[in-house]
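See structure below.
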Amino acid sequence: MQNQSLGKNLIYQRKLKGYSQADLSAKTEVTVRTIQRIEKGDVNPHLQTIKLLASALDIEVDDLLHLDNPKEEAIQKKWLLLLHSTPLLGFVLPFCNVLFPLFLWIHKREDNPIYDKHGVQIVNFQITAMMLYVLSFIALLTIEKWGFFLFISIIPLCLIVILANIIYAVKSYKCYYPLAIPFLRFKGRKSAATILLLLLLIIFSNCSPQKRNTIVRLDGTTITTDSLTSKIKQLVKDAKVQGMAVAVFNNHQPVYQNVFGYKDFQKKTVLTDSTNIYGASLSKAVFSVLVMKLVEDGVIDLDTPLESYLPKKIYEYEPQTRWHDNYSDLKTDSLYHKITARMCLAHTTGFANWRFYESDRKLRVNHMPGSKYSYSGEGFVYLQVVLEKLTGKGLEALAQELVFKPLRMENSSYQWLPRFEQDFAYGHRKDGEPYQKDTDNEPRAGSTLETTSGDYVKFLTAVLTEELLSEASYNEIFSPQIRIHSAAHFGPNSTTTTTKYEGINLSCGLGWIYLDTPYGKAVSKGGHGDGFQHYSILFPESGKGILIMTNSDNGESIYKALLEVGIADIYTPWEWANYTPYSVNPNN
């Protein structure tokens with residue numbers, strides 16, 4: 001029996017190494033005839049002969065002497081073929097690239113050591129491949145260009161390794177799986193290894209790309225991206241919104257971006273995330289960051305009267321534009337010299353929203369600067385003009401230098417550019433008729449931003465992750481500067497006071513509206529122009545938020561429903577902002 005076991009072991013180990021009897025003889029001083037007799041069990045060789053054979057085979061002596069397992073079967077190619085080929089099922093069924101070879105390994109590892117050894121290497125490689133796939137998916141989302149190439153290279157590389165090992169194993173009973181992490185070891189057969197593998201599978205299933213299709217809302221509930229898309233499509237259809245772009249943020253990063261409808265409803269040309277969209281008052285949010293950058297650089301102070309930065313009175317300068325830097329009306333005004341940068345950004349200058357809203361169309365300060373909230377684009381332009389004269393640079397140059405280029409907002413500008421002609425959105429009336437596109441605006445800090453949904457997502461991401469500015473500067477921007485007591489933002493009720501919004505501490509920050517919520521502070525900025533209606537709200541402490549951009553006068557009518565379903569935002573004061581839902585709007 002001992003001779004037969006030794007002979008079987010020698011045959012097994014020799015074939016495992018791929019040696020013929022002549023090859024083994026050439027590596028030792030043992031003749032081919034002696035090797036043949038040992039393998040037949042005809043002789044009981046000397047220990048020195050066994051040592052020579054073991055050394056040539058690169059194994060321990062015990063591997064030849066000590067094995068007499070009646071259950072061990074001869075090597076069968078069908079099992080090797082199954083072990084090495086079942087991972088191909090993983091290209092069709094998730095995790096089967098690991099589960100099927102794992103089950104085969106558990107079933108066959110006791111029958112022959114070669115099944116054990118090959119099975120362990122296969123499973124280790126497939127787990128490693130899953131890890132690489134997850135990492136490559138993360139790279140796809142976070143690393144431009146190279147992340148894409150890494151992602152698309154993983155699957156073909158794994159396929160090549162699998163096919164090569166199928167051929168290699170069947171022909172020579174060998175296999176080679178590069179870069180495999182040794183989660184399992186073929187010499188240890190404890191159940192702990194299997195348990196570890198199952199735990200890893202659970203972890204990977206939780207980290208799989210499917211999770212990235214889920215949005216976590218403010219209250220901890222979730223919604224799938226498919227469900228959100230379906231809901232938005234229904235809202236867009238029911239409220240007759242011609243075009244819309246939506247982005248949702250989780251963990252300070254965008255996790256959902258989609259575009260719906262048309263940039264030209266009449267021609268049915270599709271809106272995309274690279275289509276130029278008039279930003280309206282979203283301009284002010286960008287300008288607030290620009291100003292705080294200049295504050296950090298010591299160019300300007302928030303609380304120093306702006307007049308003191310100029311060598312002469314603002315009304316003494318020759319206008320360089322058609323109207324917005326003409327301050328001749330202030331020659332007889334006794335209050336404007338008190339205005340500071342903080343007052344401009346917090347809408348407390350006392351200026352009307354625009355001078356042409358005054359009955360005589362003249363610019364004036366209507367109340368003591370700093371005393372109360374009164375929304376004013378003129379205040380932003382006044383600060384812009386002072387900065388332009390102070391720095392010697394125009395608004396567009398400052399924005400490109402301090403915001404757009406650092407954030408790679410390559411399709412954003414405070415003025416219309418000829419290249420925007422190739423892909424821009426028309427604003428639409430409620431009935432779908434387009435407004436004429438306004439392309440001759442001079443750069444104004446409060447209103448003329450031209451951008452894309454993709455670019456503005458970059459800007460909001462930078463705000464959430466505190467790029468460009470220090471934490472202290474963002475805290476300043478997002479701190480309440482003045483309480484808001486008006487019953488509405490615009491319209492007749494904007495002059496009526498109310499205590500309705502005391503509970504959320506409705507206030508104005510520096511360029512952003514501020515409110516308190518159970519999830520920390522929230523800051524919002526909207527935009528409203530002919531045919532363009534936008535809204536964004538961020539919750540900096542939770543890293544959540546949403547951006548809505550529309551090229552339709554019906555856009556604001558779906559904000560309440562979209563905010564609630566998208567991020568469970570029930571805190572936006574939609575009545576104050578005049579975002580009347582379409583379902584109760586008699587005009588829809």
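This chain uses plain numbering: 1 for the first residue, then up along the sequence. The model shown is predicted, which means the values in this text are computed figures rather than measured ones.
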Nearest-0.5 Å distance that lies between atom OG1 in Thr465 and atom CG in Asn251: 12.5 Å

Side chain proximity check, Ser25 to Val30, heavy atoms < 4.5 angstrom: no

Atom of Trp574, atom of Pro581 and distance for their closest heavy-atom approach: CZ3-CD, 3.3 Å

Check: Thr550/Ser552 side-chain N/O donor and acceptor closer than 3.5 Å: no

Heavy-atom closest contact (Leu83 atom, Gly119 atom, distance): CD2-CA, 4.2 Å

Check: Val216 main-chain N/O paired with Asn250 side-chain donor or acceptor under 3.5 Å: yes

Verdict with supporting geometry, Arg419 and Asn411, side chain to side chain donor-acceptor pair (under 3.5 Å): CA-CA 9 Å; Arg419 59 187 174 86; Asn411 295 306; 3.3 Å; yes

Lys240 atom NZ: more than 12 heavy-atom contacts under 6.0 Å: no

Side chain to side chain, Leu228 and Leu562, heavy atoms closer than 4.5 Å: yes

Arg14 and Glu39 ion-paired at < 4.0 Å: yes

Exceeds 12 heavy-atom contacts within 6.0 angstrom, atom CG of Leu81: yes

Leu290 side chain near Leu402 side chain, heavy-atom distance below 4.5 Å: yes

Donor-acceptor contact below 3.5 Å, side chain Ser536 vs main chain Lys525: yes

NZ (Lys27) with more than 12 external heavy atoms under 6.0 Å: no

Cation-pi check, Lys171 onto Tyr168 ring (under 6.0 Å, within 45° of axis): no

Any donor-acceptor pair under 3.5 Å from Asn551 side chain to Tyr262 backbone: yes

Heavy-atom closest contact (Asp455 atom, Glu410 atom, distance): OD2-N, 3.3 Å

Check: His534 main-chain N/O paired with Tyr559 side-chain donor or acceptor under 3.5 Å: yes

Exercise: identify the closest heavy-atom pair between Tyr474 and Val463: OH-CA, 3.9 Å

Rounded distance (nearest 0.5 Å) linking atom OG1 of Thr275 with atom CZ of Phe420: 12.0 Å

Note, Lys293 side chain near Leu468 side chain (heavy atom, < 4.5 Å): no

Note, Leu150 side chain near Ser153 side chain (heavy atom, < 4.5 Å): yes

No-hydrogen, no-angle side-chain donor-acceptor test under 3.5 Å, Asp238 and Gln234: yes

Under 3.5 Å: donor-acceptor pair, side chain of Ser136, backbone of Tyr133: yes

side-chain contact (heavy atoms from CB on, under 4.5 Å) assessment of Tyr519 paired with Glu541: CA-CA 7 Å; Tyr519 308 101; Glu541 289 155 278; over 6 Å; no

Reported OG1-to-CD distance for the pair Thr86 and Gln126, which is rounded to 0.5 angstrom: 8.5 Å

Criterion side-chain contact (heavy atoms from CB on, under 4.5 Å) on Tyr571 and Asp516, from CA distance to verdict: CA-CA 8 Å; Tyr571 311 103; Asp516 287 326; over 6 Å; no

Close side-chain approach of Ile537 and Val523, heavy atoms under 4.5 Å: no

Modelled atom types, side-chain donor and acceptor of Asp569 and Thr572, under 3.5 Å: yes

Closest heavy-atom pair and its distance - Pro87, Ile162: CB-CD1, 4.0 Å

Heavy atoms from other residues, nucleotides or ligands near CG of Asn475 exceed 12 (cutoff 6.0 Å): yes

Modelled atom types, side-chain donor and acceptor of Ser470 and Glu296, under 3.5 Å: yes

Phe100 atom CZ, over 12 foreign heavy atoms within 6.0 Å: no

Heavy-atom closest contact (Val259 atom, Asp273 atom, distance): CG2-N, 3.7 Å

Parallel, tilted or perpendicular, as decided by the 30° and 60° cut-offs, for the rings of His84 and Tyr177: parallel

Any donor-acceptor pair under 3.5 Å from Arg217 side chain to Ala568 backbone: no

Test item: Thr224 side-chain N/O and Thr214 main-chain N/O as donor-acceptor pair under 3.5 Å: no

Ile35 CD1 to Ile11 CD1 distance, which is reported to the nearest 0.5 Å: 11.5 Å

Side-chain donor-acceptor contact under 3.5 Å, Ser557 with Asn554: no

Aromatic Tyr579 / basic Lys560 pairing, under 6.0 angstrom, 45° off normal: no

Donor-acceptor contact below 3.5 Å, side chain Gln533 vs main chain Glu556: yes

Derivation of the side-chain contact (heavy atoms from CB on, under 4.5 Å) call for Gln36 and Gln21: CA-CA 7 Å; Gln36 291 173 343; Gln21 291 174 337; 3.2 Å; yes

Verdict with supporting geometry, Tyr514 and Ser524, side chain to side chain donor-acceptor pair (under 3.5 Å): CA-CA 7 Å; Tyr514 173 99; Ser524 70; over 6 Å; no

Exam field: side chain Lys268 to backbone Phe265, donor-acceptor pair closer than 3.5 Å: yes

is_close_aromatic(Trp512, Phe478), centroid dist under 6.0 Å: yes

Minimum side-chain heavy-atom gap Phe539-Ile567 below 4.5 Å: yes

Straight-line distance of Glu564 CD to Asp219 CG, nearest 0.5 Å: 11.0 Å

side-chain contact (heavy atoms from CB on, under 4.5 Å) between Thr461 and Phe249, worked out: CA-CA 8 Å; Thr461 303; Phe249 299 83; 3.4 Å; yes

Donor-acceptor contact below 3.5 Å, side chain Ser473 vs main chain Leu469: no

Reported CZ-to-OG1 distance for the pair Arg37 and Thr34, which is rounded to 0.5 angstrom: 7.0 Å

Side-chain heavy-atom pair Asn97, Met130 within 4.5 angstrom cut-off: yes

